[in-house]
**Student:** 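Dropping the structure in here first, questions after.
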Amino acid sequence: MSGQASRNVEGAGGFDLMIDIEYAEVDTAAPPLDMLAHYFEAHGWGFERLGEDEIVATVDGSWTKYQLRALWRAEERVLQFIAFPDVRVPIESRSRIYETLSIINEQMWLGHFEMWSSDGTLAFRHGVMLDEGDGDGGISLGQTETVVEAAIDECERYYPVFNFVLWGAKSPREALEAALVDTAGEA
């Protein structure tokens with residue numbers, strides 16, 4: 001089947017994105033970094049290929065700008081996807097953020113947050129193992145959307161928690177309670 005399909009996609013922060021996708025592209029798998037490039041391009045996000053095994057994109061979220069980075073390891077058939085919210089943790093706050101990360105990661109079903117010890121950079125990371133189905137380690141558009149949107153959504157969800165701990169003088173549990181209050185109903 002060929003032709004254009006328009007598809008509403010709820011993006012990070014709950015905003016809807018309208019992307020046009022060729023029918024043929026929806027049903028087929030492609031090499032992971034090629035599919036990510038297609039996905040980023042369809043959303044109008046700036047990206048750059050860094051060699052054969054890495055791609056980097058920048059996305060504006062509700063709270064901050066995110067750097068998205070994917071690394072493909074063909075030998076292991078693993079796609080590692082990392083989202084970096086623009087947060088650097090000062091040395092004096094790292095023990096509170098480690099506690100915060102521990103509490104958050106207990107709740108995660110897909111991926112995890114971590115802090116790099118070298119410079120205090122916060123990151124959300126997720127790995128995807130792909131089978132040998134088509135011989136190229138292909139990933140579908142649906143899988144790509146799940147990986148990218150899960151990373152952005154989790155960063156958007158927990159960004160206020162990190163800020164409450166770092167700048168709001170809240171304990172990790174207080175920050176989680178304050179930031180993750182579920183609202184009943186809709187405005």
Side-chain angles (χ1 to χ4, degrees), residues 7-19 36-37 39-48 50 54-71 79-128 142-187:
R7 182 171 172 200
N8 280 326
V9 177
E10 185 176 314
F15 56 87
D16 286 334
L17 301 168
M18 177 71 85
I19 57 176
L36 281 164
Y39 187 81
F40 296 155
E41 187 172 61
H43 284 78
W45 298 341
F47 69 93
E48 181 180 359
L50 303 175
E54 187 172 2
I55 190 169
V56 177
T58 304
V59 178
D60 288 323
S62 298
W63 303 106
T64 189
K65 190 172 285 216
Y66 300 107
Q67 181 188 82
L68 307 177
R69 183 174 295 260
L71 301 127
L79 176 68
Q80 185 176 156
F81 195 82
I82 307 168
F84 296 98
D86 189 17
V87 177
R88 297 276 189 286
V89 180
I91 291 173
E92 63 274 5
S93 300
R94 291 187 183 177
S95 63
R96 288 182 308 156
I97 291 297
Y98 279 128
E99 181 182 350
T100 305
L101 294 174
S102 177
I103 295 167
I104 289 171
N105 286 336
E106 287 175 354
Q107 302 173 38
M108 304 295 292
W109 282 66
L110 180 69
H112 67 279
F113 281 96
E114 59 189 39
M115 180 175 54
W116 291 2
S117 60
S118 61
D119 64 0
T121 299
L122 284 183
F124 175 85
R125 184 162 45 169
H126 173 64
V128 180
Q143 289 172 305
T144 302
E145 181 178 57
T146 298
V147 168
V148 174
E149 294 301 321
I152 294 171
D153 289 347
E154 295 300 348
C155 286
E156 288 281 287
R157 180 176 182 205
Y158 290 105
Y159 187 85
V161 174
F162 300 127
N163 277 333
F164 283 149
V165 171
L166 290 171
W167 316 119
K170 292 192 179 292
S171 73
R173 291 209 186 273
E174 290 170 333
L176 279 161
E177 288 172 13
L180 300 180
V181 172
D182 290 329
T183 353
E186 290 185 32

**Student:** With rounding to the nearest 0.5 angstrom, report the OH to CD1 distance, Tyr66 to Ile152.
**Tutor:**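 Here the rounded value is 8.5 Å.
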
**Student:** Can you give me the closest heavy-atom contact between Val161 and Ala179, atom names plus distance?
**Tutor:**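 Closest approach of Val161 to Ala179, heavy atoms only: CG2-CB, 3.4 Å.
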
**Student:** To the nearest 0.5 Å, what is the distance between NZ (Lys65) and CG (Asp60)?
**Tutor:**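 Here the rounded value is 4.5 Å.
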
**Student:** Counting only heavy atoms not in Arg173, do more than 12 fall under 6.0 Å of its CZ?
**Tutor:**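 No, not enclosed.
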
**Student:** Begin from the C-alpha positions of Phe164 and Glu177 and carry the test side chain to side chain contact (heavy atoms under 4.5 Å, CB included) through to its verdict.
**Tutor:** CA-CA 10 Å; Phe164 283 149; Glu177 288 172 13; over 6 Å; no

**Student:** Quick check for you: to the nearest 0.5 Å, what is the distance between Gln107 atom CD and Glu154 atom CD?
**Tutor:**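 CD of Glu154 is found 9.5 Å from CD of Gln107.
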
**Student:** Is there a side-chain contact between Val128 and Thr146 in this structure, where contact means two heavy atoms from C-beta onward sitting under 4.5 Å apart?
**Tutor:**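 Side-chain contact under 4.5 Å: no.
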
**Student:** Any donor-acceptor pair under 3.5 Å linking the side chain of Glu156 with the backbone of Gly61?
**Tutor:**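 No.
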
**Student:** Do Leu71 and Ile82 have side-chain heavy atoms sitting under 4.5 Å apart?
**Tutor:**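 SC-SC contact between Leu71 and Ile82 confirmed.
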
**Student:** Do other residues, nucleotides or ligands put more than 12 heavy atoms under 6.0 Å from Glu54 CD?
**Tutor:**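 Correct, the count exceeds 12.
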
**Student:** Do you know which two heavy atoms are closest between Ala70 and Phe81, and how far apart they sit?
**Tutor:**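 What the structure gives for the nearest pair is CB-CD1, 3.8 Å.
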
**Student:** Kindly compute the distance separating CZ (Phe113) from NE2 (His126), expressed to the nearest 0.5 Å.
**Tutor:**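 If we round to the nearest 0.5 Å, Phe113:CZ and His126:NE2 are 13.0 Å apart.
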
**Student:** Could you work out, with ring-ring contact (aromatic ring centres under 6.0 Å, His included) as the rule, every residue matching Phe84, not counting sequence neighbours?
**Tutor:**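 Listed in chain order: Trp116.
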
**Student:** Which atoms form the tightest heavy-atom contact between Arg88 and Asp119, and what is the distance?
**Tutor:**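 Nearest heavy atoms, Arg88 then Asp119: CD-O, 3.9 Å.
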
**Student:** What's the verdict on side chain to side chain contact (heavy atoms under 4.5 Å, CB included) for Trp63 and Asn163, showing C-alpha distance, side-chain angles and the deciding distance?
**Tutor:** CA-CA 10 Å; Trp63 303 106; Asn163 277 333; 5.9 Å; no

**Student:** For a quick test of reading the model, state the closest non-hydrogen atom pair linking Ala123 to Pro85 and the distance between them.
**Tutor:**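 Scanning both residues, the minimum pair turns out to be CA-CD, 4.3 Å.
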
**Student:** Of all heavy-atom pairs between Leu166 and Pro90, which one has the smallest distance, and what is that distance?
**Tutor:**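 Between these two residues, the closest heavy atoms are CD2-CD, 4.0 Å.
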
**Student:** From Glu114 CD over to Thr121 OG1, what is the distance, rounded to the nearest 0.5 angstrom?
**Tutor:**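 So the gap between those two atoms works out to 10.5 Å.
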
**Student:** As a quick check of understanding, evaluate side chain to side chain contact (heavy atoms under 4.5 Å, CB included) for Val148 and Val59, giving each step before the final call.
**Tutor:** CA-CA 11 Å; Val148 174; Val59 178; over 6 Å; no

**Student:** What distance do Leu176 atom CG and Thr100 atom OG1 have between them, rounded to the nearest 0.5 Å?
**Tutor:**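 Taking CG in Leu176 and OG1 in Thr100, the distance rounds to 7.0 Å.
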
**Student:** Give a yes or no on whether the backbone of Tyr98 and the side-chain of Ser102 come within a donor-acceptor separation of less than 3.5 Å.
**Tutor:**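 No, because the side chain of Ser102 does not come within donor-acceptor range (under 3.5 Å) of the backbone of Tyr98.
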
**Student:** Suppose we screen for side chain to side chain donor-acceptor pair (under 3.5 Å). Which residues come up paired with Glu48, at least two apart in sequence or across chains?
**Tutor:**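 In terms of side chain to side chain donor-acceptor pair (under 3.5 Å), with neighbours along the sequence ignored, Glu48 is linked to no residue.
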
**Student:** Let me know which of Leu101, Ile103, Ile104, Ile97 forms a side-chain contact (heavy atoms from CB on, under 4.5 Å) with Pro172.
**Tutor:**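 One option only clears the test, and that one is Ile103.
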
**Student:** Dump the intermediate steps for ring-ring contact (aromatic ring centres under 6.0 Å, His included) on Tyr158 and Phe124, then the final yes or no.
**Tutor:** CA-CA 10 Å; Tyr158 290 105; Phe124 175 85; 9.0 Å; no

**Student:** Just by distance, do the side chain of Arg96 and the backbone of Ala169 share a donor-acceptor pair under 3.5 Å?
**Tutor:**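 Checking the backbone N and O of Ala169 against the side chain of Arg96, no donor-acceptor pair under 3.5 Å is found.
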
